[in-house]
2 protein chains.
Amino acid sequence: MARTVLERSDLIPVLAEIFRRHGFEGASIGIIAKETGAGRSSLYHFFPGGKDEMADAVLADIALWFETHIFTPLTQKPAAIALPDMIDALDIYFKSGQRICLVGAFALDDLRDRFARRIGPYFTRWRESLQFCLERDGRPSVDARAQAIQILAAVQGGIVLARATGDDTAFLTAVTASVSHLGLPVEPEPRI
Amino acid sequence: MARTVLERSDLIPVLAEIFRRHGFEGASIGIIAKETGAGRSSLYHFFPGGKDEMADAVLADIALWFETHIFTPLTQKPAAIALPDMIDALDIYFKSGQRICLVGAFALDDLRDRFARRIGPYFTRWRESLQFCLERDGRPSVDARAQAIQILAAVQGGIVLARATGDDTAFLTAVTASVSHLGLPVEPEPRI
DNA sequence: TACATTATGTAATGATCGTTACATTTCGCG
DNA sequence: CGCGAAATGTAACGATCATTACATAATGTA
């Protein structure tokens, strides 16, 4: 575990937090080297493609996490369980909205085109999984799709709101409201 | 109209679009000079505080626009009219989500603290105006506040989704859904 | 231990960063 | 026209940018 030698996989979560805090353009190699504790040589050794490869690896790592912890459960558990579970997991992952969604942030400026192959599929997979979960709950495809979009928007917008206003409750308020309109058998109540 | 002399107020909307496309860190003075057509001297003549003052002026300009076209109508017209009107105005302003909300984008990384005095009030005023509109419609304060947050999140999240997936309908889908749950006398139907 | 591989430290590259100085031009106004 | 003010062009500043070269150190394996 506590290896004395740095590994590429150890770097990725640290890189993710650096990109979250400074943004892609704001995270210079100097800052990255300082905040990771790795030298420039090590960084380019693990990521020969430079900053682009670092960000790409981070986005791939995020995609993997969501595939495992968010998308897959949505396709396996009934909506009344899967959706409250998702809300719980997201509230922890995004730290009540204070921790941003890097994929969403990258989608906002011209980084979107540079990392399009990571950004598009992330949201499409998420929407598809939500829609699948809602359709299996007996909802028409068109309704399920719109509801999935609404939930996704509540998540992304909740993050923006929470960070912009410093209101730690905004994220959960937005996300639970978007789900509570579905009239699921058990009202989703986030566990504290 | 087509003045031969550049004015500070002419620059601000152009600066806004540049910051939208490249982000704050990504918009270098070189890029700004090239894309505005103004020389470095002119830029620093109108904005002695440099890039920070440019962004601050842009944010102030945006705040003024929203105060006039979004917040004030919410406090003057009944919810059944004000909310559909707001949706129409936002769909045009944000170009179905393809044009980002600069204030929301700045809230995501460490720019949030640098421009906190612009970012916080923007969302607080918006939430307050929405909440006021809903309370006057007879809704309890706590409910009105939660509904306002949900609508705001749908707007911000709808922009992220629309840009990330290239789906021009996602923005309107998210925003109209967040409002349609209110059960207003007339179902909000966006005019095309 | 010996050796090839992998990892790191140091220092430098040219390019671009934000910003400034200063001379020149254009303007408003008499 | 004349003159002060406002606006612009050009060139440069030191700092920092992403990236590379190369020497040194640590490692896995035999």
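For the numbers below, each heavy atom of this structure counts, side chains included, while hydrogens, waters and symmetry mates do not. Chain identifiers are assigned alphabetically (A, B, ...) following the order of the sequence lines, protein sequences preceding nucleic acid strands; residue numbering begins at 1 within each chain.
Residue pairs satisfying the salt bridge (charged side-chain N to carboxylate O under 4.0 Å, His left out) criterion with at least one member in residues 130-139 of chain A, sequence neighbours excluded, are listed as follows: Asp137(A)-Arg139(A). Residues in residues 19-32 of chain B take part in these salt bridge (charged side-chain N to carboxylate O under 4.0 Å, His left out) pairs, two or more places apart or across chains: Glu17(B)-Arg20(B), Arg21(B)-Glu35(B), Glu25(B)-Arg114(B). Legend: salt bridge (charged side-chain N to carboxylate O under 4.0 Å, His left out) pairs involving residues 145-163 of chain B, not counting sequence neighbours, sorted by first then second residue: Asp167(A)-Arg145(B). Under the side-chain hydrogen bond (donor to acceptor under 3.5 Å, both in side chains) criterion, no residue pair touches residues 38-48 of chain A, with sequence neighbours excluded. Sorted by first then second residue, the salt bridge (charged side-chain N to carboxylate O under 4.0 Å, His left out) pairs that include residues 58-72 of chain A, not counting sequence neighbours, are Glu67(A)-Arg125(A).
Scanning for salt bridge (charged side-chain N to carboxylate O under 4.0 Å, His left out) contacts around Lys34(B) gives an empty result, with sequence neighbours left out. Residues meeting the ring pair (Phe, Tyr, Trp, His ring centres under 6.0 Å) test with Phe115(B), sequence neighbours left out: Phe24(B), Phe106(B). Under the ring pair (Phe, Tyr, Trp, His ring centres under 6.0 Å) criterion, His69(A) pairs with Trp65(A), sequence neighbours left out.
If you check residues 44-56 of chain B against DNA chain D, the residues with a heavy atom closer than 4.0 Å are His45(B), Phe46(B), listed by number. Contacts with DNA chain C (heavy atom under 4.0 Å) in residues 19-33 of chain A: none are found.
The minimum heavy-atom distance linking Ala80(A) with Pro185(A) is given by the pair CB-CG, 3.6 Å. Nearest heavy-atom pair across Val58(B) and Ile12(B) is CG2-O, 3.7 Å.
Rounding to whole angstrom units, CZ of residue Arg8(A) and C1' of dT6(C) are separated by 15 Å.
Remark on the helix from dT1(C)-dA30(D) to dG30(C)-dC1(D): inter-end axis angle 30°, axes from five-pair C1' superpositions, rounded to 10°.
Side chains of Leu102(A) and Tyr122(A) form no contact here, defined as non-hydrogen atoms less than 4.5 Å apart. At a threshold of 4.5 Å between non-hydrogen side-chain atoms, the residues Leu74(B) and Asp85(B) do not count as touching.
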Table of protein N/O atoms under 3.5 Å from nucleotides 9-11 of chain C N/O atoms:
unit_1	atom_1	unit_2	atom_2	d
dG9(C)	N7	Ser41(A)	OG	2.3
dG9(C)	O6	Ser41(A)	OG	3.1
dT10(C)	O4	Ser41(A)	OG	3.0

